[in-house]
A.B. asks: 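Please see the structure below; I have some questions.
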Amino acid sequence: MGRYDSPAALAALVQPHQVHRDIYTDQEVFQQEMKHLFANAWVFVGHESQTPNKGDYFSTHIGTQPVIQVRHSTGDIHVLLNRCPHKGTKIVIDRQGNTGKFFRCPYHAWSFKTDGCLLAIPLKKGYQNTGLEETDSGKGMRSVGDVKNYRGFIFARLADEGMSFEEFFGKSLSSLDNMVDRSPAGRLEVVGPPLRYMHHCNWKMLVENQTDTCHPMVAHESSAGTAVKLYEELGLPEDAPKPPAMEIIAPFMSPYEFFEGMGIRTWPNGHGHTGVNHSIHSDYAAIPGYFEALCESYGEEKAKAILDENRHNTVYFPNIMIKGPIQQLRVFIPIAADRTVVESYIYRLVDAPDELTARTAMYNRMINAPTSIVGHDDLEMYERAQEGLMVDGLEWVNIQRLIEEDEDFEVEAVENGTTERQMRNQFHAWVKFMTMCQKTEAAE
Amino acid sequence: MSVTRETLIDFIYDEVRMLGEGRYTEWLDLWLPDGHYWMPLDYQQTDPINQTSLMYEDMFMLKLRVERLNGARTFSQKPKSRCHHVIQRPFVDEMDTEAGRFVTTTFMHYVETRLDEQQLLAVTARHELALVEGRLRIANKRVDIVNCDAAFRNIQLLP
Ligand code: FES
Ligand SMILES: [Fe+2]
C-alpha cells in the first residue's frame, strides 16, 4: 500500500488555489497518472500522414505505454500495444516503417494481421488442446480501448470503457478545425521528423507553461529583448522588411497589457487556449497567393473568418499543445516524475504556398529546438522549479492568479489573458480522470 | 595571399579554438555577411528551409545568439556553459584556387558542459570557405550530429 493508492489521497493534492508538490515530484503519483489519467483520457498518438499506405506504421507512446499506429489493409488506422502476446518482445523498434500485410515477431515468429489478430504460430500443433485460444496470449496483439481519427489526427483511449471522444473534447475541437481549415484542401501533412528535446522536469510543468502569459517578457528577455535591441541598432527604415527573427522572436517581449488583452478561453475536461482576441502570431506578413487560394476553396467570407482566428497555444489535456496559425503540434511525453521528452511536429497546409511551411519550420527551430535560444530559458525555469520543489515545509504550488469564487470548469469561459484559470482547469480535469475508474472499481 | 591545404586546415583549427575559448566577436568576423550556419535535424537532410532543422541561422541570428550569451538576464547561462572541440585533420574536398572557393570536411567530438552535466556529440562539419579581399572567410557551415534523431538536452554553445 502506497501513500497515493486511493482516489481520496490523490484528490487531496489539488485545492482550488494551489496544488501539492508531490504532483510534480512523486514517482508514485506519476505511476498513478500512467495507470488512470493516461488510460481514461483521449491521448494524441500521431497524424495519419505519418502512415499514408497500408502496412505503414509509426511507433510512439501513450503515457509510458509503447504503442504502434498502423494503417490496416482496410485503410483504417489501428493503434496496437507494442508487445508480443507471447513473451513480451516489442514488435517494432524503429520509429516508422512498412510491415506489409502482417507483423511478425522477431523472437518466435508469431504473426499478426495489422489489426492485431493472431495470424499464425510456427509449429502450432504444440499448442493443440492446451487452451491457448482461451488466454490473452492467444488473442493476438492487444488494441487500445478506442481510436478516433479526427481530421487526420489520431487519438486513442487506453481504457476499454470511458468518456466518448466527442464528450472529451467538445467545443475545443474548434482549434484543430481552424488549423486544418487553413489548408485550401482541408488537409495537413506532417513535415519531417519532430524536434526531440529532453527535459529533467515533470510533464505538467510544460503543459502549464503553454498558457503562462506572465513569463515571456521575463524569461525570454535575453532572446527577445536582445533581438529588439540588435534590430534597433541596424537603424533600418520603418517599412523595410524585418529580419524573420524579429517577426517570430520579438513578439515575446510584448508588454503585460498585450497578454492581458489577448484573453484565455477554457473548455471542460482540461482544454483551453490563449489568444482569444489576438496573439503573438497576429502580425505575420501576408504570403502572396495564400488568401486567394483559401477564397477559391471556401469563399471570401469563410476564408477571412479562418484567418481572423489567431489562437496562440491550445492545450489539449492531458499532454499536447497546438498552434493553429503556424500548424505546429507539441507533445509532452512523460517518462518519469522528473523526465519528459518534448516532440515538436510541424505540418504542411496541402495546396498552400511553400512559404507557409518555411515560416513554420523557422518557428519550430527558433523557439522549440534543443539549440533554441528561447527554449533554453524555459527549460532552465522548469528544472529550477523541479529542484526547488524539493524544499520541505513549503510544499504547495500557487495557481490563484485572477481566481474567482466557485469557479465552474464544466462550462466554457473567456477571461483576462493573464489568468491562471486554465492551469486550475487542468488540475480539475486531472482529479476527474485520475479518480474516474477508481470510483467505478470501488463501486463494483 | 595564396591558399594552400595547410592554410585551410589551420583555419579550421583556429576556428574551433575561437569557439572553445568563447572569442565570439572574432568568430563572427570570420563570416561573410550572407552566410548560414546549418545544423540539420534529419539524417542526410537536403532542405534547410521547408523542413525543421536544429539551426539554420543567418548573421542576424548568429549575432543575437552570441550577444545573448553575455546578457545580464540570460538565465540558462548562469552559470555559463563551456565547450571543447577535438577535431580530426580536416579533409580538403574542393580546392578552386582560381575562384577562391574551398570546401572542407571535419570530424570532431564536441563536448558541452554546465554544472554537473556534460554532453558529448560526434559531429561532422562541412565548411564552404571563400577568399575575399585576401582573407579566408566562412561562406557557409553545415554541422551534422551523428545521432541527430536523439532527444537532446540543451545545446547552448556551438560545435
Ligand atoms: S515473443 Fe514474440 S513470438 Fe515469442
Ligand atoms: Fe516560454
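Lettering of chains follows the sequences in order, A, B, ..., and the numbering in each one begins at 1. Only heavy atoms go into these numbers, but all of them, side chains included; no hydrogens, no water, no symmetry mates. The structure presented is a predicted model; accordingly, all values stated were derived computationally and were not measured.
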A.B. asks: Could you report the tightest heavy-atom contact between A/Tyr197 and B/Arg153, atom names first, then the distance?
C.D. replies: CE2-C, 4.1 Å
A.B. asks: Count the heavy atoms of every other residue, nucleotide or ligand shown that sit under 6.0 Å from CZ of A/Arg187, and state whether that count exceeds 12.
C.D. replies: no
A.B. asks: List the atom of B/Asn154, the atom of A/His376, and the distance in Å for their closest heavy-atom pair.
C.D. replies: OD1-CD2, 3.1 Å
A.B. asks: Check the surroundings of atom CZ in B/Arg82: do more than 12 heavy atoms from other residues, nucleotides or ligands lie under 6.0 Å from it?
C.D. replies: no
A.B. asks: At a 4.5 Å cut-off on heavy atoms, which part of A/Ile373 comes close to chain B: side chain, backbone, both, or neither?
C.D. replies: both
A.B. asks: Hey, are the side chains of B/Met61 and A/Met362 touching, using non-hydrogen atoms and a 4.5 Å cut-off?
C.D. replies: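 Answer no - side chains too far apart.
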A.B. asks: Do we see a donor-acceptor contact under 3.5 Å between the side chains of B/Thr52 and A/Asn364?
C.D. replies: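 Yes - a donor-acceptor pair under 3.5 Å links their side chains.
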A.B. asks: Are A/Pro193 and B/Asp149 packed together at the side-chain level, in the sense that at least one heavy-atom pair is separated by less than 4.5 angstrom?
C.D. replies: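 Answer no - side chains too far apart.
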A.B. asks: Heavy atoms under 4.5 Å from chain B: which residues of residues 219-236 of chain A carry them?
C.D. replies: A/Ala219, A/Glu221, A/Ser222, A/Ser223, A/Thr226, A/Ala227, A/Lys229, A/Leu230, A/Tyr231, A/Leu234
A.B. asks: In terms of heavy-atom contacts, does NE2 of A/His61 have more than 12 from other residues, nucleotides or ligands at under 6.0 Å?
C.D. replies: yes
A.B. asks: Is the closest side-chain heavy-atom distance between B/Phe60 and A/Met246 below 4.5 Å?
C.D. replies: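 Yes, at least one pair of side-chain atoms sits under 4.5 Å.
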A.B. asks: So which residue, B/Leu158, B/Leu64, B/Thr74, ends up with the most heavy-atom pairs under 4.5 Å with chain A?
C.D. replies: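 Of the candidates given, the most pairs with chain A belong to B/Leu64.
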A.B. asks: Return yes when atom CZ of B/Arg126 has more than 12 non-hydrogen atoms of other residues, nucleotides or ligands closer than 6.0 Å, and no otherwise.
C.D. replies: no
A.B. asks: CG of A/Asn98: more than 12 outside heavy atoms within 6.0 angstrom?
C.D. replies: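 More than 12 within 6.0 Å, yes.
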A.B. asks: Return the minimal non-hydrogen interatomic distance between B/Leu54 and A/Ala369, and the atom names on each side.
C.D. replies: O-CB, 3.7 Å
A.B. asks: Please round to the nearest 0.5 Å and tell me the distance separating atom OG1 of A/Thr371 and atom OH of B/Tyr37.
C.D. replies: 9.5 Å
A.B. asks: Decide, yes or no, whether a salt bridge links B/Arg68 with A/Asp377 under the criterion of side-chain N to carboxylate O below 4.0 Å.
C.D. replies: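 The answer is yes: the pair qualifies as a salt bridge.
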A.B. asks: Side chains of A/Met198 and B/Phe152, heavy atoms from C-beta outward: is any pair under 4.5 Å?
C.D. replies: no
A.B. asks: Step through the shown structure and confirm whether more than 12 heavy atoms of other residues, nucleotides or ligands are within 6.0 Å of NZ on B/Lys141.
C.D. replies: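 Enclosed.
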A.B. asks: Side chain, backbone, both or neither: which part of B/Ala72 has a heavy atom under 4.5 Å from chain A?
C.D. replies: neither
A.B. asks: Heavy-atom distance under 4.5 Å to chain B: side chain of A/Ile249, backbone, both or neither?
C.D. replies: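 The answer is the side chain of A/Ile249.
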A.B. asks: Counting heavy-atom pairs under 4.5 Å with chain B, which one of A/Met381, A/Arg95, A/His199 comes out on top?
C.D. replies: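 If we count pairs closer than 4.5 Å to chain B, A/Arg95 comes out on top.
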A.B. asks: Should we say atom CZ of B/Arg89 is surrounded by more than 12 heavy atoms from elsewhere, each under 6.0 Å from it?
C.D. replies: no
A.B. asks: Measuring from A/Leu195:CG to B/Cys148:SG, what's the distance to the nearest 0.5 Å?
C.D. replies: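 Here the rounded value is 11.5 Å.
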A.B. asks: Looking at A/Arg348, A/Arg384, A/Glu343, which has the largest count of heavy-atom pairs under 4.5 Å with chain B?
C.D. replies: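 Highest number of heavy-atom pairs under 4.5 Å: A/Arg384.
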A.B. asks: Identify the two heavy atoms, one from A/Asp354 and one from B/Asn50, that lie closest to each other, and give their separation to 0.1 Å.
C.D. replies: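 The pair with the smallest heavy-atom distance is O-OD1, 3.3 Å.
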A.B. asks: Roughly how far, to the nearest 0.5 Å, is OG of A/Ser344 from CG of B/Leu41?
C.D. replies: 10.0 Å
A.B. asks: Write out, in numerical order, the residues from residues 112-119 of chain B with a heavy atom short of 4.5 Å from a heavy atom in chain A.
C.D. replies: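 B/Arg114, B/Glu117 fall under the 4.5 Å cut-off.
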